[in-house]
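Below is one structure, written out as structure tokens; comments come after it.
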Amino acid sequence: QALLEESGGGSVQSGGSLRLSCAASGYVNSRYCMGWFRQAPGKEREGIVTHIAFADYADSVKGRFTISQDNAKNTVYLDMNSMGPEDTAVYYCAADFTAFCVDYGLRPEYRYWGQGTQVTVSS
């Protein structure tokens, strides 16, 4: 079973930047893919970016957010720039077998989830 733990959330002013980290443990290895999702109050969980062979970004974050990974540390990062109040949400990382991720796309159907980290952007 994959275990995921997010960190790096916090408060930032509009136009600012944050970096989120997702440390994976357990059975996460090269056969897994990982993605970032977020859920704002009163809204459904939405996919931000998934990374299989390439990164697939939601239109709402394209050009502002970047996913990267450090395989040696089994950690995935989300660099968020030019943030606005609309980016306020709880951010989650998720993982699943790569073969399943191809079908999921940006849908929040991954089986393994972190506990989430709050990101608040003030105007």
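Quick note: numbers below take in every heavy atom, side chains included, and nothing from hydrogens, waters or symmetry partners.
- Pairing each heavy atom of Ala24 with each of Leu4, the nearest pair is CB-CD2, 3.6 Å.
- A donor-acceptor pair shorter than 3.5 Å can be found between the side chains of Tyr104 and Asp96.
- Contact annotation: the side chain of Met34 never approaches that of Ile67 to less than 4.5 Å [non-hydrogen atoms, C-beta and beyond].
- Counting non-hydrogen atoms of neighbouring residues, nucleotides and ligands closer than 6.0 angstrom, the NZ atom of Lys73 reaches no more than 12 such neighbours.
- Within the 4.5 Å cutoff, the side chain of Ser17 has no heavy atoms near those of the Met83 side chain.
- Considering all non-hydrogen atoms of both residues, Ala55 and Val49 come closest at CB-CG2, 4.2 Å.
- Distance check: Asp87 CG to Met80 CE gives 7.5 Å after rounding to the nearest 0.5 Å.
- Of all heavy-atom pairs between Phe37 and Ala94, the closest is CE1-CB, 3.9 Å.
- The cluster map of Ile, Leu, Val, Met, Phe, Trp and Tyr, joined by side-chain heavy atoms under 4.5 Å apart, puts Leu20 and Trp113 in the same cluster.
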Report the C-alpha separation of Tyr57 and Leu106 in whole Å, then their side-chain angles, then the decisive distance to 0.1 Å, and conclude whether the side chain to side chain contact (heavy atoms under 4.5 Å, CB included) test is met.
CA-CA 8 Å; Tyr57 293 92; Leu106 290 172; over 6 Å; no
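- Separating the CZ atom in Arg107 from the OG1 atom in Thr50 is a distance of 10.5 Å, to the nearest 0.5 Å.
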Please assess Val90 against Thr117 for the test side chain to side chain contact (heavy atoms under 4.5 Å, CB included), listing each intermediate value before the final yes or no.
CA-CA 5 Å; Val90 177; Thr117 184; 6.0 Å; no
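- A side-chain N or O of Tyr91 and one of Arg38 form a donor-acceptor pair less than 3.5 Å apart.
- Side chains of Thr66 and Asp79: no donor on one and acceptor on the other come within 3.5 Å.
- Grouping the Ile, Leu, Val, Met, Phe, Trp and Tyr side chains by contacts below 4.5 angstrom, directly or via other members, places Tyr77 apart from Val12.
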Ser14 vs Glu86, side chain to side chain contact (heavy atoms under 4.5 Å, CB included): CA-CA, chis, key distance, verdict
CA-CA 10 Å; Ser14 186; Glu86 68 277 10; over 6 Å; no
Side chain to side chain contact (heavy atoms under 4.5 Å, CB included) evaluation trace for Leu18 with Val119
CA-CA 9 Å; Leu18 278 176; Val119 171; 3.8 Å; yes
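- Listed here is the closest heavy atom pair of Gln118 and Ala89: NE2-O, 3.5 Å.
- In terms of heavy atoms, Arg19 sits closest to Ser68 at NH2-OG, 4.1 Å.
- The cationic atom of Arg45 (NZ for Lys, CZ for Arg) lies less than 6.0 Å from the six-membered ring centre of Tyr92 and within 45° of the ring axis.
- By the rule that hydrophobic residues join a cluster once side-chain heavy atoms approach within less than 4.5 Å of another member, Trp36 and Phe100 end up as members of one cluster.
- Taking a 6.0 Å sphere around CD of Glu5, one finds it holds 12 or fewer heavy atoms contributed by other residues, nucleotides or ligands.
- Between Phe97 and Tyr32, the gap from one ring centroid to the other is short of 6.0 Å.
- The CG atom of Asp56 sits 11.0 Å away from atom SG of Cys33, with the distance rounded to the nearest 0.5 Å.
- Pro85 is not listed as a side-chain neighbour of Gln13, based on a closest heavy-atom distance of 4.5 Å or more.
- Contact annotation: the side chain of Leu78 approaches that of Phe65 to within less than 4.5 Å [non-hydrogen atoms, C-beta and beyond].
- The environment of CD in Glu44 is sparse: at most 12 heavy-atom neighbours from other residues, nucleotides or ligands sit within 6.0 Å.
- Rounding to the nearest 0.5 Å places CD of Gln115 at 11.0 Å from CG of Leu3.
- To the nearest 0.5 angstrom, Glu6 atom CD is 4.0 Å from Cys93 atom SG.
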